[in-house]
Amino acid sequence: MAWTCPMPLRDQSRVVMGHGGGGAMSAELVEHVFAPAFGGPVLAQLSDSAAVELGGARLAFSTDSFVVRPLFFPGGSIGDLAVNGTVNDLAMSGARAAYMSCGFILEEGVELSVVGRVAQALGAAARTAGVEVVTGDTKVVEAGHGDGIFINTSAIGLVPPGVDLRPQRVRPGDAVIVSGPIGVHGVAIMSVREGLEFGVEIESDCAALGGLVEAMLAVTQDLHALRDPTRGGLAAALNEIAAASGTGVVVEERAVPVPPPVANACAVLGLDPMYVANEGKLVAFVPREHADAVLAAMRTHPLGREAAIVGETVQTHPGMVVARTGLGGTRVVDMPIGEQLPRIC
Amino acid sequence: MKYIEEFQDPALARKLLDDIRATVTRPWALMEVCGGQTHTIIRHGIDQLLPDEVELIHGPGCPVCVTPLEVIDKALEIASRPEVIFCSFGDMLRVPGTGRDLFQVRGQGGDVRVVYSPLDALRVAQENPDREVVFFGIGFETTAPPNAMTVYQARRLGIPNFSLLVSHVRVPPAIEAIMRSPSCRVQGFLAAGHVCSVMGTSEYPELAERFRVPIVVTGFEPLDILEGVRRTVQQLERGEHTVENAYPRAVQPEGNPAAQAMLADVFEVTDRAWRGIGVIPASGWRLSSRYREYDAEHRFSVTGIDTREPAECRSGEVLQGLLKPHECEAFGTTCTPRTPLGATMVSSEGACAAYYLYRRLDLEQKTVSREGASVV
């Protein structure tokens, strides 16, 4: 019997860009097409990385694909992203990535020197992250059927005993901590991809977060949940945790670190920094009694120097993220639908 | 950033709010004309902070929202043609036409591109001489001059494969139409600062005098809005109705003469339909006869369009300030940013989208409160 989609995707009969934007449309695609087709209790957790047991070991396992344009950007390349994006998904489970796979899809006509530079960057990032690339694959598609280089990676690592990080552990009263300034990666990519100049060069903050997470776990293993707010930005990460945990999140808008160049770029384009993509940042849900110590530990790590407590979880408005504005009003910070679109004026 | 921060300073905001509270003695209804101002008001919760006597009514100033469905449908039709590269600002891509939007056209194989400047579209035309490049030129007086400049450059550079799908509108006739409406409650206007930075303020004294309504040119940061409200309320309390400029860092009384000259060269004033409102006399621009060859409607004779506006969408009343977004029965139920019935729910400057994105908690609490249950 032919497999049929169990539920049409609302009003969309074809894939649109929003299905890959990391927001509500992406979630809908997974929920209605992929999850029913694949089944399985582990997948049903819908975490950034799967937590599985094998031969008595607790493993975290994750895969990610990278279609970034341009291939090289201020602060990194598709090679760095392919490593850091994948190992960070594991880090959000508290696991340090040990082994990684790497699949290249190359477009006919791409210069080999470019492939070489990407491979070098990928290898260097892997060594920095402490992960070994142990298997891979290469395919070539005809000219015009790719965007230069696409990369798919998977990684696997051990979850330390006693560590259990997942949204369901989040409780009202948890402190919400971000590890540093938000929106940097998204604006850096936008500035080179769209040829926009914002007065100062903004470099991506792309980095592997395993070491920072270890520093946090050294303070207490009783962290509740971690998320790397990549596509969809901080807003999507907070909404995912709020929805999965059934708690409300309150964010003090002025406590959220936004670098001036990012704020300026967003002001010009009519974008909200809360929805702009990050790499090399995490958001942590930490029991209140441990929050100050965890924050202090983060600030001693190079990737957490500008970490800040930006809010807390609450019993009221479960599943909803609310920001207190600088002027004293409130606003809902909703799940993004697809991708943010720059406004007309 | 310092520049932006200065205009979001909480201490200064409190002082302005105190001034407004000390000034106001009775209810006043003010309209902010521009969707960008609506967005700032709701995003920062300014409407929650103002005294109850000051009601802000959201005006028709979202260019995306007022673009007629028929023009959207023409855009969808033109963008579907294989020979066309259709360029647009990003926020037009999700605006629903009859049955689909530009994103869906792209999903179906149409070559639809997001650009950040109309001149980018002209560059696309130069790089693709064997294709027809169409730019979707919508907006108020703010975006009209650069679009006019693009057509001017296309002619100057001899680029034959470029055209403009025009739906430009003018603010003063809209203000006049609102004031003429029998159901109008507006007693003062926060005029759109960016529009005035181009056109200056000379179009407003006559309107202020004729309708005996204060018009205060207002910017877009939270303190700009509060200052605009403060000055409008001061005038109303004193019984005055003059034009004031509360946005002098961007607006000169004479505006931008070079931009006005470009408009006068390339465009001519015409009657225009506003989505949800209808035709307002002399409220728009079209390409002048000298530039007709760059008019996409002229170049692509689009016919057979069956335009259908959802019957339950009341965005027209929202755009005229006759209805608050959450007072619409479809708000948040059949109409959400994910499944919008009208452009006001999908545009980043749309009043319905602003209420949906930012005001849901507040509105829910009010609902709960009315039902007698505990509130947050």
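Here is how names work: the chains are called A, B, and so on, in the same order as the sequence lines, proteins then strands, and each is numbered from 1.
- The shortest heavy-atom contact between F103(B) and V16(A) is O-CG1, 3.8 Å.
- Put simply, the side chain of R43(B) does not reach to within 4.5 Å of the side chain of T325(A), judged on heavy atoms.
- Side-chain contact between Y356(B) and V332(A) is absent, with no heavy-atom pair separated by less than 4.5 Å.
- For the atom pair CZ of R254(A) and CD of Q8(B), the computed distance is 7.0 Å after rounding to the nearest 0.5 Å.
- Side-chain atoms of R331(A) and H44(B), non-hydrogen and from C-beta on, never get closer than 4.5 Å to each other.
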Problem - Residues Q48(B), T330(A); criterion side-chain contact (heavy atoms from CB on, under 4.5 Å); working and verdict - result: CA-CA 8 Å; Q48(B) 304 161 9; T330(A) 58; 3.7 Å; yes
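- The CZ atom of R338(B) lies 4.5 Å from the CD atom of E28(A); values are rounded to the nearest 0.5 Å.
- Taking both residues in full, the closest heavy atoms of L327(A) and P222(B) are given as CD1-CB, 3.5 Å, listed atom of the first, atom of the second, then distance.
- When heavy atoms are compared at a cutoff of 4.5 Å, I46(B) approaches chain A solely by way of its side chain, counted from C-beta outward.
- Between Q108(B) and R14(A) there is a side-chain heavy-atom pair separated by less than 4.5 Å.
- Rounding to the nearest 0.5 Å places OG1 of T336(B) at 9.5 Å from CG of D334(A).
- Neither the backbone nor the side chain of Q315(A) comes within less than 4.5 Å of any heavy atom in chain B.
- Within a 6.0 Å radius of CD in E111(A), no more than 12 heavy atoms belonging to other residues, nucleotides or ligands are found.
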